[in-house]
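Heads up, the thing below is written out as structure tokens.
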Number of protein chains: 2
Amino acid sequence: MDVGARLQAIRKLKGLSQRELAKRAGVTNSTISMIEKNSVSPSISSLKKVLSGIPMSLVEFFSIDFEQETPVQVVYRADELVDISSGAVTMKLIGKAHPSRSIAFLDETYPPGSDTGDEMLNHDGEEAGMLVDGRLELTVGNEVFVLESGDSYYFESNRPHRFRNPYEHPARLISATTPANF
Amino acid sequence: MDVGARLQAIRKLKGLSQRELAKRAGVTNSTISMIEKNSVSPSISSLKKVLSGIPMSLVEFFSIDFEQETPVQVVYRADELVDISSGAVTMKLIGKAHPSRSIAFLDETYPPGSDTGDEMLNHDGEEAGMLVDGRLELTVGNEVFVLESGDSYYFESNRPHRFRNPYEHPARLISATTPANF
DNA sequence: TCGCTGTGTTGTAAATAATGAACACTGTTG
DNA sequence: CAACAGTGTTCATTATTTACAACACAGCGA
């Protein structure tokens with residue numbers, strides 16, 4: 001969805017005219033018009049100024065999702081999960097029919113010897129999980145933990161982290177990440 | 001945090017020089033320089049073009065949080081979870097030491113005959129969960145489901161929902177809700 | 001040392017966006 | 001109908017941003 005259509009949709013949702021918004025934002029109505037018609041690409045400062053009249057932040061502006069479809073499916077049977085595995089680790093995603101999920105809820109299985117590798121993620125977000133079977137090694141930052149069945153974790157996704165199973169038995173982990181990066 | 005500092009921080013995190021990023025993005029190095037020094041306010045299309053060389057979306061760009069989180073507890077042992085039970089249902093919260101959590105990750109146990117009652121939740125958000133033991137009845141809207149071990153669910157929190165265990169054995173559910181309402 | 005390659009920082013000219021003042025259109029009101 | 005207040009659009013001018021090219025500086029190897 002382009003910037004113009006986005007702005008227009010938001011403006012109309014708020015019940016504002018181009019002139020009204022322009023007045024509140026401290027710009028001219030023609031500016032709003034041009035932006036909405038995509039005949040210009042506004043500068044960050046301009047768009048910020050315009051949005052201040054709503055008011056709305058840049059993040060909100062680009063995040064707003066206008067699709068508000070009613071999610072059809074609620075329950076997913078054990079054999080209905082989407083397999084998004086990469087490598088040895090089995091990852092099954094819950095809620096495949098959900099259009100714009102905000103949680104990535106996974107059922108993960110780490111066979112002996114498996115490893116997610118070192119990830120350096122910068123984006124915002126948090127993740128939590130609980131080990132329901134087996135034993136698993138978790139590294140967050142420069143700390144190494146050994147999770148036993150029933151143990152859990154919670155950390156910021158932007159901290160470098162890694163899961164590894166150096167043990168003899170497979171480990172089963174149920175995890176949740178937000179925002180969903182799948 | 002301003003746009004210039006933000007771009008510079010991200011660029012350096014990715015280990016790119018101004019020229020390298022400029023080349024990947026299809027702009028000139030001076031553009032990057034000016035933006036980072038805040039001597040200009042780039043247009044949306046320009047910034048988008050620049051970010052495409054990272055690559056990164058506008059949402060991500062404005063969302064990234066550079067605050068170095070104070071190291072908090074990462075791993076929670078099985079006996080360290082916070083019991084937030086109300087009534088017969090046992091609910092244990094993961095990540096008690098986490099200052100401002102965005103996920104409520106719970107280990108829930110429904111004894112035979114237990115029931116969350118009819119909840120009409122107004123708050124926004126989504127929730128997902130997986131049944132790891134027993135059998136549980138889930139009502140969402142006017143639909144009733146019977147979850148077996150390994151089954152899962154995903155729905156919008158604002159839909160009326162209810163969990164109930166009319167069976168003989170306790171049911172264990174692992175769930176995630178966002179945003180966290182605890 | 002010199003030359004080279006990388007870095008980021010400037011001028012100046014060309015491209016692009018914002019303003020201010022029109023325009024055309026609609027619905028309302030006397 | 002005619003005057004009016006509202007809407008969004010368009011155009012010439014002004015202001016801002018971009019590209020291109022040069023510059024200054026730092027590290028490195030012959």
Side-chain angles (χ1 to χ4, degrees), chain A residues 1-68 120 122-123 160, chain B residues 1-68:
Chain A
M1 192 173 191
D2 57 56
V3 173
R6 195 167 274 270
L7 178 59
Q8 186 166 79
I10 292 170
R11 176 174 63 78
K12 290 190 169 166
L13 268 175
K14 296 291 179 178
L16 298 172
S17 70
Q18 290 184 343
R19 283 182 156 83
E20 177 61 28
L21 175 56
K23 190 176 149 196
R24 296 192 192 190
V27 298
T28 58
N29 59 313
S30 50
T31 300
I32 310 277
S33 175
M34 308 274 265
I35 293 174
E36 289 188 359
K37 292 173 62 58
N38 287 310
S39 47
V40 298
S41 177
S43 71
I44 298 293
S45 54
S46 300
L47 183 57
K48 201 158 146 190
K49 200 154 69 169
V50 168
L51 293 178
S52 73
I54 298 211
M56 174 174 283
S57 73
L58 287 165
V59 183
E60 286 176 284
F61 179 76
F62 289 110
S63 302
I64 282 191
D65 183 14
F66 296 94
E67 318 290 325
Q68 51 177 22
M120 297 296 279
N122 287 69
H123 56 80
Chain B
M1 193 172 189
D2 56 59
V3 173
R6 195 167 274 270
L7 178 59
Q8 185 167 80
I10 292 169
R11 176 175 63 79
K12 291 191 168 166
L13 269 175
K14 296 291 180 180
L16 299 172
S17 70
Q18 290 184 344
R19 281 183 158 84
E20 178 61 28
L21 175 56
K23 189 177 152 195
R24 296 193 191 188
V27 299
T28 59
N29 57 315
S30 53
T31 301
I32 311 275
S33 176
M34 308 278 267
I35 293 175
E36 290 189 357
K37 291 172 64 59
N38 286 310
S39 45
V40 297
S41 177
S43 71
I44 298 293
S45 56
S46 300
L47 183 57
K48 201 158 146 190
K49 199 154 69 169
V50 168
L51 294 179
S52 73
I54 296 210
M56 174 174 283
S57 73
L58 287 165
V59 184
E60 286 177 284
F61 179 76
F62 289 110
S63 302
I64 283 190
D65 182 15
F66 294 96
E67 306 301 317
Q68 204 64 299

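Remember, predicted model here, so these are calculated numbers, not experimental data. We name chains A, B, ... by the order of the sequence lines, and we start the count at 1 in each one.
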Starting from P on C:dA24, measure out to CD on A:Gln18 and report it in whole angstrom.
18 Å
Taking 4.0 angstrom as the limit, do B:Glu36 and B:Arg11 come out as a salt bridge?
yes
In whole angstrom, what separates A:Glu20's CD from D:dA5's C1'?
14 Å
From A:Leu58 atom CG to A:Leu47 atom CG, the distance as rounded to the nearest 0.5 Å
5.5 Å
For A:Leu16, the option from A:Leu21, A:Ile32, A:Ile10 that meets side-chain contact (heavy atoms from CB on, under 4.5 Å):
A:Leu21
Just how far, in rounded Å, is P of D:dT17 from NZ of B:Lys37?
15 Å
What are the residues of residues 42-59 of chain A, sorted by number, that bring a heavy atom to within less than 4.0 Å of DNA chain C?
A:Pro42, A:Ser43, A:Ser46
Whole angstrom value for the distance that separates P of D:dG8 from CD1 of A:Ile35:
14 Å
If I take atom OG from residue A:Ser30 and atom NZ from residue A:Lys37, how far apart are they, to the nearest 0.5 angstrom?
13.0 Å
For a quick test of reading the model: is some side-chain N or O of A:Arg11 closer than 4.0 Å to OP1 or OP2 of D:dG8?
yes
Between OG on residue A:Ser52 and CZ on residue A:Arg24, distance to nearest 0.5 Å
11.0 Å
With a 3.5 Å distance limit and no angle check, can you tell me whether A:Ser17 reaches the backbone of A:Glu20 through a side-chain donor-acceptor pair?
yes
Are A:Ser63 and A:Glu60 close enough, and set up right, to give a side chain to side chain donor-acceptor pair (under 3.5 Å), and what steps lead you there?
CA-CA 5 Å; A:Ser63 302; A:Glu60 286 176 284; over 6 Å; no
Between B:Met34 and B:Ser17, which residue's closest nucleotide on DNA chain C lies nearer the 5′ terminus?
B:Ser17
State, to 0.1 Å, how close B:Leu51 and B:Leu7 come at their nearest heavy-atom pair, and which atoms those are.
CD2-CD1, 4.3 Å
Has the side chain of A:Arg19 got a donor or acceptor that lies under 3.5 Å from a partner of the other kind on the base of D:dG6?
no
Under 4.0 Å, heavy atom to any atom of DNA chain C: which of residues 25-33 of chain B qualify?
B:Asn29, B:Ser30, B:Ser33
Measuring from B:Ile35:CD1 to B:Gln8:CD, what's the distance to the nearest 0.5 Å?
12.0 Å
Among D:dT17, C:dG8, C:dA18, which nucleotide sits nearest the side chain of A:Val40?
C:dA18
Whole angstroms only, please: what is the CG-P distance between B:Asn38 and C:dT9?
12 Å
